[in-house]
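Throughout, residue positions are numbered sequentially from 1 according to the sequence presented. Order of listing sets the numbers, starting from 1, for every ligand and every atom in it. The figures here come from the full heavy-atom set of this structure, side chains too, leaving out hydrogens, waters and symmetry mates.
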Amino acid sequence: MDQIKNLSLLSAMCENVNSAITVTNPATGHVLGYVPSHSRETIENVIAKAEIAQRSWAKTTAKQRADILMSWYQLLMDNQEDLARIMTLEQGKPLAESRGEVAYGASFVQWFAEEAKRAYGETIPTPSSDRRIMTITQPVGVAAAITPWNFPIAMITRKAAPAIAAGCSFIAKPAAQTPLSAYAVTELARQAGLPEGLLNIVTSDDAVMVGELFCSSDKINKISFTGSTNVGRILMRQSAESVKRVSMELGGNAPFIVFDDADIDLAVKGAIASKFRNAGQTCVCANRFYVHDAVYDKFVEKFAAEVATLTVGNGIDNGVNVGPLIDANAKNKVQRLVEEAVAQGATISIGGEDLDGQFFTPTVLTHVQHSMSIVQEEIFGPIAPVIRFHDDASLIEMANDTIYGLASYFYSKDINRIFAVAEALDYGMVGVNEGVISTEVAPFGGVKQSGIGREGARQGLDEYLNTKYICLGGM
Ligand code: ADP
């Protein structure tokens, strides 16, 4: 941590006390520091203060809110290097990726500062001449979020920025593995002039307690969650009692399809970016590759050759492309999936090595069948199982044969096929000849059991707004 220049970013760190969360570096196992583990009473207090703060915040104009958000955006970018280092130290991703995430995370703050000025209502043609009909949009109130460790900054700003821009107050519980980034960006919001009580971080080693508290609180009007489908289901069940609005960004099982007319070099480039960034630990990572029989051998040869050039190591070191997995459980899961795949008949084309610590070599598996567990489960690691396919119809069936529906990717140069396949894939997002598609201007989200709601884009603001219908009678 001695590499961090702006020490105010670390102001939430506390001494080693009993009720603290220990933050470790997944690349080395070293302890980085401690943050508080908040009690139920402390979190209830935060919720109560957020409710009060929201009332006056809702009365500000979108322009006033935008001015503060723009200052926050600028501070995030001014502190990009420090924030990136904190992120790499606690999360493990290569420094270049962390810098990218800071910019990506900040882009939501800038976008929603602009977008909240356009939270238009409507005037609606009246069905009777004595009435006039209009709608206005209003903030939902207090919004709470539970966020994962794989994007420690962006998963907070992608929710906090639209909430605050809309006139809500916001409380986030980040993953216990990556609380330092969450506190650091919140400190910058404070320095940007955001009034107290509007952007709050709570940390706890008892995620279940926090989830129950958020979902059952009558003061909280909205829950936004990014994480596993399993926990999403729990939060939706818990939110039913108080009929809360929910946004859910859940698991994925992204197919990456290479048709026989694809530009193979472009497909390999997209495959590397989609599969191996963040060591394969993103919900939009390509999970399974379907490659047409006619180009299968050529694709695998070029793909494996590129994979061989990836450097595994501590993300803080220059030239590292693939960092550690987040913890021992994550590594055990990846190991199990590779072992099962091999036992079921898959061949390791490259990789498959269990390295020391939480590292695993980038791996390509061939002779993979659609029914194998490595294809059916979300891998969340640097493993690429490659399946051979023969015709478009059975391919689409296999691609859609999952409970998930987040991201999907395919490579083709045929315009008719591009539209047919893009429309046939049951996914919230489709990348055509592109392996990395996230941007603040486009709606991110899933269908089926990958979630509800959209983040980013024009749609992302609606998640934090209620529409009110006003009827003027007796005219
Ligand atoms: P992952 O497997 O990526 O860690 P999780 O869904 O388990 O995904 O975790 C995402 C977030 O959900 C984290 O902040 C974690 O602390 C939180 N979480 C995990 N279990 C629960 C739960 N039962 N209730 C509320 N939050 C939870």
Side-chain angles (χ1 to χ4, degrees), residues 21-24 26 35-38 40 43 47 87 90-93 143-160 170-183 185-186 200-217 220 222-242 244 246-254 277-285 287 323-334 336-337 358 377-381 403-404 406 446 449-452 455:
I21 297 171
T22 308
V23 188
T24 53
V35 296
S37 184
H38 293 125
R40 171 180 278 269
I43 300 173
I47 298 171
M87 191 187 302
E90 68 175 350
Q91 200 275 344
K93 66 177 68 177
I146 296 179
T147 58
W149 46 263
N150 59 347
F151 289 96
I153 287 182
M155 292 307 100
I156 290 182
T157 55
R158 198 160 79 173
K159 299 174 193 301
F170 185 83
I171 308 166
K173 187 209 80 68
Q177 295 93 333
T178 56
L180 299 178
S181 300
Y183 278 118
V185 295
T186 305
N200 311 276
I201 299 295
V202 297
T203 40
S204 169
D205 51 16
D206 188 352
V208 175
M209 177 274 285
V210 181
E212 281 171 359
L213 184 54
F214 281 177
C215 293
S216 63
S217 171
I220 292 175
K222 158 94 194 189
I223 293 279
S224 179
F225 172 69
T226 297
S228 61
T229 293
N230 208 22
V231 173
R233 288 189 193 107
I234 294 171
L235 295 173
M236 283 181 75
R237 267 201 295 273
Q238 290 174 348
S239 295
E241 204 53 46
S242 57
K244 255 185 237 325
V246 294
S247 297
M248 295 280 149
E249 298 290 353
L250 308 178
N253 183 356
R277 84 193 162 104
N278 209 358
Q281 302 172 113
T282 90
C283 49
V284 293
C285 272
N287 202 57
L325 295 171
I326 191 72
D327 54 28
N329 283 344
K331 185 167 161 183
N332 290 342
K333 180 181 178 186
V334 167
R336 169 180 66 79
L337 286 172
Q358 284 160 210
E377 288 183 41
E378 192 179 20
I379 303 169
F380 242 61
I403 60 165
Y404 298 109
L406 194 58
Q449 294 185 34
S450 284
I452 297 173
E455 291 190 329

Whether the side chain of [X] engages the backbone of [Y] through a donor-acceptor N/O pair (distance < 3.5 Å, no angle test) should be reported.
X	Y	value
Asn287	Glu377	yes
Glu378	Asn253	no
Asn278	Asn150	yes
Gln91	Pro152	no

Under 3.5 Å donor-acceptor pairs involving side-chain atoms of residues 170-181, not counting sequence neighbours:
{"from": "Ser181", "atom 1": "OG", "to": "Glu90", "atom 2": "OE2", "distance (Å)": "2.6"}

Atoms in ligand 1 flagged as close to [X], the criterion being non-hydrogen separation under 4.0 Å:
X	answer
Ala175	14 (O)
Gly211	25 (C)
Thr147	11 (C), 13 (C), 14 (O)

Any non-hydrogen protein atom less than 4.0 Å away from atom 6 (O) of ligand 1: yes
Heavy-atom protein contact below 4.0 Å for atom 9 (O) of ligand 1: no
Nearest to [atom], what protein heavy atom do you find, and at what distance?
atom	value
atom 2 (O) of ligand 1	Ser228 CB, 4.6 Å
atom 15 (C) of ligand 1	Lys173 NZ, 4.0 Å
atom 4 (O) of ligand 1	Trp149 NE1, 3.1 Å
atom 22 (C) of ligand 1	Val231 CG1, 3.9 Å

Option whose closest heavy atom lies nearest to atom 24 (N) of ligand 1, chosen from Ala207, Gly227, Cys283, Pro174: Ala207
For atom 23 (N) of ligand 1, the option (of Ile146, Asp205, Val208) bearing the nearest heavy atom: Val208
Residues Ser217 and Lys244: side-chain donor-acceptor under 3.5 angstrom: no
Spacing of Ser247 atom OG and Ile452 atom CD1 [to the nearest 0.5 Å]: 8.5 Å
From Ile220 atom CD1 to Ser239 atom OG, the distance as rounded to the nearest 0.5 Å: 9.5 Å
Side chain, backbone, both or neither: Phe380 near ligand 1, heavy atoms under 4.0 Å: neither
